[in-house]
Amino acid sequence: GGPAVAYFVDTYANVFDTAVAEATIVVLRHNGVPVYVPARQRGSGAYALAHGDADVARQRLHHNVRRLADAARAGDTIVCSEPTAALFFRVDGPTLSDDPDVRLVASRTVELSAYLWSLHEQGRLRTDFQPLDLSVGHHVPCHVKALGEGTWGPNLLSLIPGLTASKIDVSCSGMAGTFGLNARNFPIALEAGRPMLEELARPRHGHGSSECSACRLQMQQGTGKRAAHPVQYLALAYGLM
């Protein structure tokens with residue numbers, strides 16, 4: 001019945017925090033966007049590539065492209081709630097493979113916050129939000145910057161009545177994917193993320209926000225403050241979660 005969204009869930013929202021995926025689905029549907037999840041997805045392959053295993057990354061890429069190419073051919077938008085997944089399809093994919101379907105999927109892939117802000121700019125994003133009395137510090141992830149689509153998380157949060165959103169753009173979180181989860185790297189990761197963590201720890205920020213799942217883990221670990229994806233705040237304000 002017209003263009004829809006094919007949601008690429010990726011590993012974190014599929015396994016570790018399904019509330020991110022649930023919020024994505026309910027917010028898109030609340031805004032009249034037909035959304036579906038192509039079956040038999042696997043992790044994007046970004047993790048393998050970060051560790052130098054281009055062969056496994058290429059295998060993951062081709063596996064997922066086979067599940068997403070029909071959506072792209074139909075004119076649907078492939079939306080990723082994980083910026084790393086969007087970056088992998090958009091930038092890394094075409095360097096790993098010259099398959100025309102890889103380039104097609106790359107051209108149709110967009111990060112979730114950028115997609116939602118585009119709806120707002122078109123006058124299609126509903127603003128029937130309930131007020132949220134929250135002060136939220138939004139950390140801008142490196143992979144959102146690398147996509148070059150703009151930083152729209154704080155803008156989306158600012159649409160919610162009663163919510164005060166501040167952009168934190170002072171350093172990388174230090175997590176660097178799963179680098180910071182390694183026990184021997186943990187002190188280095190915290191030191192790298194210290195400027196951001198010190199800012200988030202200030203009393204003016206009651207909660208954290210970031211599109212990047214690894215960054216949110218670091219934010220919570222480093223400050224003890226709850227951090228959520230912008231789409232989760234939208235879902236809460238819509239009264240959907």
Side-chain angles (χ1 to χ4, degrees), residues 7-31 35 79-86 111-117 119-120 125-145 147 151-170 172-175 177-178 180-181 193 196-241:
Y7 176 32
F8 183 78
V9 184
D10 207 31
T11 305
Y12 187 85
N14 193 42
V15 178
F16 299 105
D17 189 357
T18 57
V20 175
E22 292 164 4
T24 299
I25 295 293
V26 298
V27 166
L28 289 172
R29 287 180 174 169
H30 186 69
N31 283 283
V35 55
V79 168
C80 303
S81 56
E82 194 64 60
T84 302
E111 185 270 325
L112 176 60
S113 288
Y115 179 80
L116 291 172
W117 188 253
L119 292 183
H120 175 69
L125 188 74
R126 293 177 59 171
T127 56
D128 53 335
F129 297 114
Q130 302 171 6
L132 296 180
D133 184 17
L134 298 173
S135 57
V136 178
H138 179 88
H139 166 64
V140 181
C142 300
H143 286 174
V144 164
K145 295 180 183 179
L147 282 165
T151 303
W152 305 118
N155 299 51
L156 289 168
L157 294 173
S158 295
L159 297 175
I160 301 173
L163 188 151
T164 302
S166 303
K167 182 166 71 172
I168 301 175
D169 189 9
V170 292
C172 171
S173 74
M175 183 64 88
T178 57
L181 293 177
M196 182 272 289
L197 295 173
E198 288 180 345
E199 174 58 33
L200 181 61
R202 294 178 185 272
R204 66 190 292 251
H205 308 297
H207 297 77
S209 168
S210 186
E211 290 89 352
C212 173
S213 300
C215 294
R216 293 196 301 274
L217 288 174
Q218 184 84 313
M219 294 165 81
Q220 294 181 165
Q221 173 70 26
T223 67
K225 296 183 179 182
R226 179 77 168 92
H229 193 292
V231 77
Q232 292 177 279
Y233 288 104
L234 294 183
L236 184 62
Y238 280 135
L240 300 174
M241 296 188 76

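None of the values given here were measured: they were computed from a predicted structure.
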For residues [X] and [Y], determine if any side-chain heavy atom of one lies less than 4.5 Å from a side-chain heavy atom of the other.
X: Leu156; Y: Leu125; value: yes
X: Trp152; Y: His120; value: no
X: Tyr115; Y: Leu28; value: yes
X: Val79; Y: Val35; value: no
X: Met196; Y: Ser173; value: yes
X: Arg29; Y: Leu240; value: no
X: His205; Y: Ile168; value: yes
X: His139; Y: Leu200; value: no

Atom [atom1] of [X] and atom [atom2] of [Y]: how far apart are they, to the nearest 0.5 Å?
X: Phe8; Y: Asn14; atom1: CZ; atom2: CG; result: 9.0 Å
X: Thr164; Y: Arg204; atom1: OG1; atom2: CZ; result: 9.5 Å
X: Cys80; Y: Leu112; atom1: SG; atom2: CG; result: 9.0 Å
X: Leu234; Y: Leu163; atom1: CG; atom2: CG; result: 9.5 Å
X: Thr11; Y: Asp17; atom1: OG1; atom2: CG; result: 13.0 Å
X: Asn31; Y: Leu119; atom1: CG; atom2: CG; result: 6.5 Å

Assess whether side chain to side chain contact (heavy atoms under 4.5 Å, CB included) is satisfied between Glu82 and Ser213, documenting all intermediate values. CA-CA 7 Å; Glu82 194 64 60; Ser213 300; 2.5 Å; yes

Please report the C-alpha distance between Gln220 and Arg226 in whole Å, then the side-chain angles of each, then the deciding distance to 0.1 Å, and finally whether the side chain to side chain contact (heavy atoms under 4.5 Å, CB included) criterion is met. CA-CA 6 Å; Gln220 294 181 165; Arg226 179 77 168 92; 2.9 Å; yes

Aromatic ring pairing Tyr238/His30, orientation class (parallel under 30°, perpendicular over 60°, tilted between): tilted

Minimal non-hydrogen separation, [X] against [Y], with atom names:
X: Ala235; Y: Val26; result: CB-CG2, 4.2 Å
X: Ala237; Y: Ile160; result: CB-CG2, 3.7 Å
X: Pro83; Y: Leu147; result: O-CD1, 4.0 Å
X: Glu211; Y: Ser113; result: OE2-OG, 3.1 Å
X: Gly174; Y: Gln218; result: C-NE2, 3.8 Å
X: Tyr233; Y: Gly208; result: OH-O, 2.7 Å

Are the side chain of Thr223 and the backbone of Leu197 linked by a donor-acceptor contact shorter than 3.5 Å? no

Whether Arg216 side chain and Ser209 backbone form a donor-acceptor pair below 3.5 Å: no

Can Trp117 and Leu159 be said to form a side chain to side chain contact (heavy atoms under 4.5 Å, CB included), step by step? CA-CA 10 Å; Trp117 188 253; Leu159 297 175; 4.0 Å; yes

Is the number of heavy atoms from other residues, nucleotides or ligands under 6.0 Å of Asp128 CG greater than 12? yes

Checking salt bridge (Lys or Arg N to Asp or Glu O under 4.0 Å) for the pair Glu199/Lys167: CA distance, chi angles, key distance, verdict? CA-CA 10 Å; Glu199 174 58 33; Lys167 182 166 71 172; over 6 Å; no

Before giving the answer on side chain to side chain contact (heavy atoms under 4.5 Å, CB included), spell out for Tyr12 and Leu217 the whole-Å C-alpha distance, their side-chain angles and the decisive distance to 0.1 Å. CA-CA 11 Å; Tyr12 187 85; Leu217 288 174; 3.8 Å; yes

